[in-house]
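Just so you know, ligand 1 is whichever comes first in the structure, and atom 1 is the first atom listed for that ligand. Both backbone and side-chain heavy atoms feed into the values below; hydrogens, waters and symmetry mates do not.
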Amino acid sequence: MRYILLNPGPVSLSEGVRRAAVATDLCHREPEFFDLQDRVLDALLQVYGLDPGLWRAVLLAGSGTSALEAMLASLVPEDGRLLVLENGVYGERISLVAGIHRIPSESVGHEWTRPWDLERVADKLARGGFSHVAAVHHETTTGRLNPVTELAGLCRSYAADLLLDTVSSFGAEAIPFDAPALAACALTANKCLHGIPGTSMVLVRDHALRSAVRPARSLTLDLGLWADHQQRRSTPFTPAVNSLQALDQALKELGAAGGWRARHARYHRLADRAAAALAELGVRPFLPAQESSCVLRSYELPAGREYAGVHDGLKRHGFVIYAGQAALAERIFRISTMGDISDYDLARLTAALADVFG
Ligand SMILES: *Cc1c(COP(=O)(O)O)cnc(C)c1O
């Protein structure tokens, strides 16, 4: 049975991407591979129309968390200080990574249900001493889209560089690349870009990359090392070759479909349709739609319904949904409409939801 994945990555693939992943055997020390690497590096900057004179794309082997870890470990210097905003699993993960690399950090914590309190953030920044701020754009824990443009403005006022986890938003949501404080963002191939797992990336301002931490805190997560090799048609280690082949095709398909704005509109339509179908069945959204991303919405489990029953019921219809995390596991379920999902798939989902919740 072919399952439609409604979890937030890995995603249901297009036929073209699935085929591209295994189309040819490629040695990563041959010119054909470096042509592929160059194409992907260029295409990544083109997604948001970034100036190659100001921005660099750096590819890594690893999951989205690898890119996040590489960004933090490579860009916050020994004498720097990091302020982390947390309102979900992934914001808290940033603090975990900072701790592991002994990056001096403080956090502004929030309940997972809450939006950022930017007054508290401003108070912290006003007390001074923070070289960097790190935060999650789309907090996949709840589907909340955090106000990163406002945060970038605050960072500028207090001369702090902003590092963003855009793992579940890059390719489908607006990202404030024009904001001078935004220094870098971390992302992955297998979420809104519709590729397969294995490759993750950091987009970073050239000046931030040039002042990358030396000596590096990690060998395999050293952004400077990967970037230096990639700039001269080389690679320090074996890259995720097949994932890059798939990503090359996925980026072509994103461009042909109208780019990130078209993908944003498409995801929105699909998410609204799923939400409307659930509303008719009495299933309520966990967050207001206007606070949610277009990528993922979370819903309250109706009284007396357990997640396992809902999950298994939908899986019998060919759909894989996603549980809430930690304390939210008993309260919510999540539906992501990222991936190659057709109108027909969505019509079938509506029928499946009616069967399971009706
Ligand atoms: C999925 C996700 C990650 C982690 O990605 P992995 O590929 O599982 O390492 C990090 N941050 C956010 C916001 C995510 O949605």
*Asks:* What residue pairs, at least two apart or across chains, pass side chain to side chain donor-acceptor pair (under 3.5 Å) with a residue in residues 265-290?
*Replies:* His194-Tyr267, Arg266-Asp343, Asp272-Arg297

*Asks:* Taking the six-membered ring of Tyr3, is NZ or CZ of Lys315 closer than 6.0 Å to its centre and within 45° of its axis?
*Replies:* yes

*Asks:* OG1/Thr166 to CG/Leu182 distance, rounded to the nearest 0.5 angstrom?
*Replies:* 8.5 Å

*Asks:* Quick one: pull up CG in Leu346 and OG1 in Thr337 and give me the separation to the nearest 0.5 Å.
*Replies:* 8.0 Å

*Asks:* Quick check on the hydrophobic clustering: are Trp116 and Val108 connected, directly or via other members, by side-chain heavy-atom contacts under 4.5 Å?
*Replies:* yes

*Asks:* Mind checking what residues have non-hydrogen atoms under 4.0 angstrom from ligand 1?
*Replies:* Ser63, Gly64, Thr65, Tyr90, Arg93, Val136, His138, Thr140, Asp165, Val167, Ser168, Lys191

*Asks:* Report the residue from His138, His264, Glu139 that forms a side chain to side chain donor-acceptor pair (under 3.5 Å) with Ser293.
*Replies:* His138

